[in-house]
Structures are given as C-alpha cells and as structure tokens.
Amino acid sequence: MIPRTLFSSDHELFRDSVRKFLEQEAVPYHQRWEKDGHVDRALWNKAGEAGMLCSHIPEAYGGMAADFLYSTVVIEEIGRLGLTGIGFSLHSDIVAPYILHYGSEAQKQHYLPKLVSGEMVTAIAMTEPGAGSDLQGVKTTAVLDGDEYVINGSKTFITNDWLADLVIVVAKTDPKAGAKGTSLFLVEANTPGFSKGKRLEKVGMKAQDTSELFFQDVRVPKENLLGQPGMGFAYLMQELPQERLTVGIGALASAEAALQWTLDYTRERKAFSKAVADFQNTRFKLAEMATEIQVGRVFIDRCLALHLQGKLDVPTAAMLKYWSTDLQCRVLDECVQLHGGYGYMWEYPVARAWADARVQRIYAGTNEIMKEIIARSLV
Ligand SMILES: Cc1cc2nc3c(=O)[nH]c(=O)nc-3n(C[C@H](O)[C@H](O)[C@H](O)COP(=O)(O)OP(=O)(O)OC[C@H]3O[C@@H](n4cnc5c(N)ncnc54)[C@H](O)[C@@H]3O)c2cc1C
C-alpha cells in the first residue's frame, strides 16, 4: 500500500481524539437518531467543546487556526464509522468559510465564535423546488426596503436545516441580472416569517435532518447581506471546490470502511465448506476494489495537498467529486453483493452505507454537472 504522507503526528493525535469522541458520543446513539430523523442537538455543543467544529477559523474568532487536514480528519472518521447523520462538515467546511471569506468584521465577530462552540448550527440554502443544478433559476427574492431586505421564496433539500440556527440563503436581489443579480444573506432561524417545513424522508442518511424552508416577508437588516450585492454566484463558485473536496474525502473513507467490513465478513462467512473470501470471484472483487480505492486515495491526497497550497482548481475538484462518489457507489454495491442477504439488512453497516452513498452522486453538484464543468475546461 502507498503510505499517506500528508498527516503529521499532531494530526494523528487529533484523529485519535475524534475517533474516541465519535465512538463515545455518536456511535451508541446513531440508530436512534435515524429513527428521530436528526442527531441530538447536544452533540453539536459537545463537538464544539472537543474542538471538532470549524478548527480552521482564526483564533481571533475562537477557532484553532488549524489547516484543512484537521477538517479532513473529522470527515474521514465520521465516514469510516458511517455516521452520516452528523453534518459537521457542512457547518465547518462549507458554511463557516463563507462568513470568514466574505463576512464583515461585525458578522465574523458575532457569528464565528458561535459556530466554533456549537452554540449555532448552520445550513446553506441554495436549492429550490424548481432550481437545483441550474442555480441561476433561483426564484427567492430579497428586495431592499429602507434599511432592511425583505426575503420571499422557498428552499428544499437543506442539510442541517431542522437544527439550524443560522442559514445562508441564496436570493435574487436583481432578478433581471441573472447570475449577477444573486446575493447571499445570513438569516437567523428565529426571524419572523422564516419557517421550516417537514423533515424530508430520505432513502439513506436517515439521521441527517434535511428539510424545506419558507420565507414569507422575512425582514433582515441590510447588514445581513454577506459580502457585496450581486456577488453571490461568484462566491458560490469560489467555495464549491472545497465543498466537492469534502464530499470526495467522505466518499473514500466510506469505501475504505466498506472494503474492511467485507474482508472481515467474507473471511468469516462459509459456503460450500469454505470461506466466501476463498472463492476466486470474491478474491478478484476484493482485489479490484482495493486497487481502485488505492488509486482514489492517491488522487484525493494529491488534491488535498493542492488545496492546502490554495491550488485546487474547479475542474480538478469536479473530477474528484464525480470519480470518488462513483467509486464509492461501485464499491458499496459490490460489498453488499459479497455480504449476500445480510448485506441488504439495515442492521448491517454495509447496507446503511450503501443507501447513504447514493446521494453523494447527486448533491454538491450532480456528477453530470461535474462532467460539464470538466468538459468546459477541455473544449
Ligand atoms: C440529501 C440531500 C441533501 C442536500 N443538501 C443540500 C443543501 O444543504 N443545500 C442545498 O442548497 N441543496 C442541497 N441539496 C440539493 C442538491 O444540491 C440538488 O438536489 C442537486 O444540485 C440537484 O438538483 P435537482 O435535485 O434540482 O436536480 P435537477 O437539477 O433537476 O437534475 C435532474 C437530472 O438532470 C441532470 N441535469 C441537470 N442539468 C443538466 C445539464 N446541464 N447537463 C446534464 N444533465 C443535467 C442532473 O444531473 C440530474 O441527473 C441536497 C440534496 C439532497 C438529496
């Protein structure tokens, strides 16, 4: 196996503490959370205390100013344990960077320490019932009225939404200007006119709270605009490579875990008086999966190294998002097959991971959109 070289002993110490935290605070409860449709709110505060949220945020705003490998460790450990209900990465690695990169000093001081401590849970609301891949088709509007923006519209499929205290909302401030009329707003969940719809029943990721959002004459001070008016689309394009990297990191971690479960299972399980792992078909499938995962691991780690240098470009991030999530789904499907009927039983981690994996090819930009992005860079 090709050794991983990016992580220092400090990263590995952090990994141990994250794993212990998750084994203690999440693993015993995840099944209940799947039934509840969300994780316990207290998990967020405990994670904040343990330094697991927004570790990259500068110390001036309560963070540890850590490099992205600390975030990677959190994503990988959550992925390995199949704890797909936990939306820390969306909060830490997707929402917080918007505030850090585009927020005013007052917004940073007000919100970032609360994100680090887990006092506030966050979400980002781009998708609407009629606009997912084509974000230029967003219909939610924000109209300036004196010192306030008035927001109207609705959103759907929003991760962390049920527990969210703060949502970054994508809205049109100039509907005639297309992408250039799109802006981002910080909207607190207790703002009058802001309501959450039902928690959506998903095929997998059942402990992840995903829901709808409605805005009816929601008034926010004009200071809640994030960055400049009309720049929302440009900001989204800037931040999406990191979002896609986080999805790829989780995909690889999940595929690696599934391969390990399948190795363990097929060594134990007997058929025709021998271990399933002894059939040539099983051995070849395991060998193929191990090879593809190794190829993916090297690619992801190379992308991580580029990202640490601020050099991960948009097409490469699209390649890694589409390829790693396709790989994850291929591996999970094969692993279910090698578990036989038990692979289809919810109590088996491999069954859950298989159901959880499917959406990875859909969100953060569908894999078809990823191919469009890659193709645009070629032709
Ligand atoms: C569990 C879950 C969590 C999510 N979390 C969030 C969140 O936190 N915040 C948020 O804003 N959104 C979130 N989403 C929404 C997600 O990002 C969208 O579902 C996704 O971008 C696809 O949009 P859509 O569902 O409208 O599909 P559509 O855009 O309608 O796509 C339908 C099909 O058409 C294809 N297609 C569309 N355009 C093209 C094209 N130009 N070329 C080729 N094929 C194309 C797509 O690839 C897809 O196969 C989440 C979704 C899910 C399921």
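Whatever order the structure lists ligands and atoms in, that order sets their numbers, starting from 1. Keep in mind that what you see is a predicted model, and the values were worked out from it rather than measured. Note that the numbering runs from 1 along the sequence shown for the chain.
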Atoms in ligand 1 with a heavy atom of [X] nearer than 4.0 Å:
X      : answer
Ile369 : 38 (N), 39 (C), 40 (C), 41 (N)
Lys202 : 1 (C)
Gly132 : 21 (O), 23 (O), 24 (P), 26 (O)
Ile124 : 7 (C), 8 (O), 9 (N), 10 (C), 11 (O)
Ser133 : 22 (C), 23 (O), 28 (P), 29 (O), 31 (O), 37 (C), 38 (N)

- Applying the 4.5 Å side-chain criterion to the ILVMFWY set and letting contacts propagate, would Leu338 and Leu327 be lumped into a single cluster? yes
- What class does the angle between the rings of Tyr342 and Tyr265 fall in, given that below 30° is parallel, 30 to 60° is tilted and above 60° is perpendicular? tilted
- Query: Can you say whether the rings of Trp33 and His30 are parallel (under 30°), tilted (30 to 60°) or perpendicular (over 60°)?
  - Reply: perpendicular
Just to confirm, does any protein heavy atom lie below 4.0 Å from [atom]?
atom                    : value
atom 1 (C) of ligand 1  : yes
atom 31 (O) of ligand 1 : yes
atom 35 (C) of ligand 1 : no

- Message: With a heavy-atom distance limit of 4.0 Å, tell me whether Val359 approaches ligand 1 through its side chain, its backbone, both, or neither.
- Response: side chain
- Item | ligand 1-proximal atoms of Thr366, by part, heavy-atom distance under 4.0 Å | side chain
- Which protein heavy atom lies closest to atom 42 (N) of ligand 1, and at what distance to 0.1 Å? Glu372 CG, 4.2 Å
- Which residue holds the protein heavy atom closest to atom 18 (C) of ligand 1, what is that atom called, and what is the gap in Å?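 Looking only at protein heavy atoms, the one closest to atom 18 (C) of ligand 1 is Thr127 OG1, 4.0 Å.
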- Message: Please compare Ile158, Thr159, Thr156 and report which has the shortest non-hydrogen distance to atom 3 (C) of ligand 1.
- Response: Thr159
- His339 and Trp261: aromatic ring centres closer than 6.0 Å?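 Distance test on ring centres: not under 6.0 Å, no.
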- Answer yes if the ring centres of His11 and Tyr70 are under 6.0 angstrom apart, and no otherwise.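 Yes - the distance between ring centres of His11 and Tyr70 falls below the 6.0 Å cut-off.
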- Considering residues at least two apart in sequence or located in another chain, which fulfil the side chain to side chain donor-acceptor pair (under 3.5 Å) criterion with Lys202? Thr210
- Message: Does atom CD (Glu105) have a neighbourhood of more than 12 heavy atoms from anything else shown, all under 6.0 Å?
- Response: yes
- Message: Looking at Glu76 and Arg4, is there a salt bridge between them, counting it only when a charged N and a carboxylate O are closer than 4.0 Å?
- Response: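 Salt bridge present between Arg4 and Glu76.
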